Amino acid sequence: MSETDPHSMPDLEMRPMRIAAVGDLHCTKESAGALRSLFAQASEAADALLLCGDLTDYGLPEEARVLADELSVVSVPIVAVLGNHDYESGVPDAVRSALAEHAGVKVLDGEAVEVHGVGIAGAKGFCGGFGRGSLGAWGEPAIKTFVNEAIQEAMKLESALAKLRTPQRIALLHYSPIVGTVEGEPVEIFPFLGSSRLEDPLVRYPVTAIFHGHAHRGALEGKTVNGVPVYNVARPLLQRSQPDRPAFRVVEFPAV
Ligand SMILES: [Fe+2]
Ligand SMILES: [Fe+2]
């Protein structure tokens, strides 16, 4: 696996599977025309496009329709997870179906898909903190409910990972499974950016790479405890880190 310049176009016969990934599009009703060029370039640069949540800004079906129109320029398979913003209006299913019906997006919520021989397991994930700072299910019912949400999301990820049978496997999340890719954010909000509970299934069912968003001011890359690369592809982070390149990340997966 290696990172490539999204502008390079290797020989079709020789080239590995190329994945383009970006999260945190935060599409609004006024975004028409603003994302089309980015998606066209991603479609040109890769064999599949992953969208790592916060697809819409307020979780409105109208925003999802705008995004679906913007995605009409993409000619490769699109696989996504929702983010916390996609839940804001309480109709995540409407957001999901707008993207599925109008742009053919496969939105994963504890499921797995195979694209060109690469398996992709996806779940939104949740927050709660990392390592020794993780919130425990103890005390008030509200705390237990909060922690249970993180446990449920980790179980969704685990059940998706368990379905993968391909040699190359990818995990797709919105929240971070490791602290490494949220570093750069204010330390006070680390517990709201992800959860180590998401890392546990990734150790039991190792993958080739992990993509997430949500931490707009985090770090581009980190590794799980078992050495799997983790890519934070939040669009604001990519825009700041690579202002001269389109705001998506391309990772190559050799044919095996
Ligand atoms: Fe976001
Ligand atoms: Fe988010």
Side-chain angles (χ1 to χ4, degrees), residues 20-31 34-35 38-39 42 49-64 66-67 70-71 78-96 98-99 105 107-110 122-130 135 146 149-150 152-154 156-157 171-199 210-222 230-242 246-249:
V22 59
D24 301 274
L25 298 157
H26 291 274
C27 187
T28 69
K29 288 183 266 187
E30 284 75 47
S31 295
L35 295 164
L38 176 72
F39 292 144
L49 174 61
L50 305 187
L51 303 177
C52 296
D54 284 358
L55 311 176
T56 61
D57 209 22
Y58 284 90
L60 295 168
E62 301 94 300
E63 294 175 331
V66 172
L67 180 58
E70 296 296 283
L71 286 167
I78 308 168
V79 183
V81 292
L82 299 185
N84 53 314
H85 278 248
D86 303 311
Y87 279 72
E88 169 59 17
S89 295
V91 287
D93 288 343
V95 171
R96 186 179 295 113
L99 291 168
V105 180
V107 183
L108 302 178
D109 180 23
K124 174 177 61 66
F126 198 61
C127 44
F130 301 97
L135 185 62
F146 183 92
E149 184 70 16
Q152 293 301 318
E153 286 292 322
K156 279 186 190 176
L157 175 62
L172 174 57
L173 292 161
H174 180 59
Y175 288 88
S176 178
I178 63 166
V179 73
T181 47
V182 308
E183 278 164 4
E185 294 272 8
V187 69
E188 294 87 347
I189 67 166
F190 277 18
F192 309 118
L193 297 174
S195 168
S196 294
R197 294 179 196 278
L198 299 168
E199 188 178 27
I210 300 157
F211 295 90
H212 73 85
H214 190 57
H216 292 200
R217 289 164 292 181
L220 289 170
E221 279 186 52
V230 180
Y231 300 102
N232 178 357
V233 294
R235 189 167 64 121
L237 174 63
L238 292 173
Q239 285 171 323
R240 260 199 325 281
S241 311
Q242 48 179 56
F248 55 83
R249 183 119 192 203

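Nothing fancy with the numbering, it's 1 onward along the sequence. Here the structure is a predicted model, which means the values were calculated and not measured. The figures here come from the full heavy-atom set of this structure, side chains too, leaving out hydrogens, waters and symmetry mates. Just follow the structure's listing: the first ligand is 1, and inside any ligand the first atom is 1.
Residue-level check: among N/O/S atoms of H214, ND1 sits closest to the Fe ion (ligand 2). Atom OD1 is the N, O or S atom of D24 at the shortest distance from the Fe ion (ligand 1).
The Fe ion (ligand 2) has H174 among its coordinating residues (N/O/S atom, backbone or side chain, under 2.8 Å). Inclusion of N84 in the first shell of the Fe ion (ligand 2) is supported: an N, O or S atom falls under 2.8 Å. With a cut-off of 2.8 Å, the Fe ion (ligand 1) has an N, O or S atom of H216 in range.
Aromatic pair H216/H26: centroids less than 6.0 angstrom apart.
The aromatic rings of Y175 and H214 are tilted relative to each other, their planes meeting at an angle between 30° and 60°.
Seen from the ring of F126, K156 does not count as a face-on cation partner, given the 6.0 Å and 45° thresholds.
For the pair OD2 of D54 and NE2 of H26, the angle whose vertex sits at the Fe ion (ligand 1) is 100° to 10 degrees.
The side-chain contact (heavy atoms from CB on, under 4.5 Å) test with L51 is passed by exactly one of L82, V107, V22, V81: V22.
Taking 4.5 Å as the limit, some side-chain heavy atom of L220 sits within range of a side-chain heavy atom of R249.
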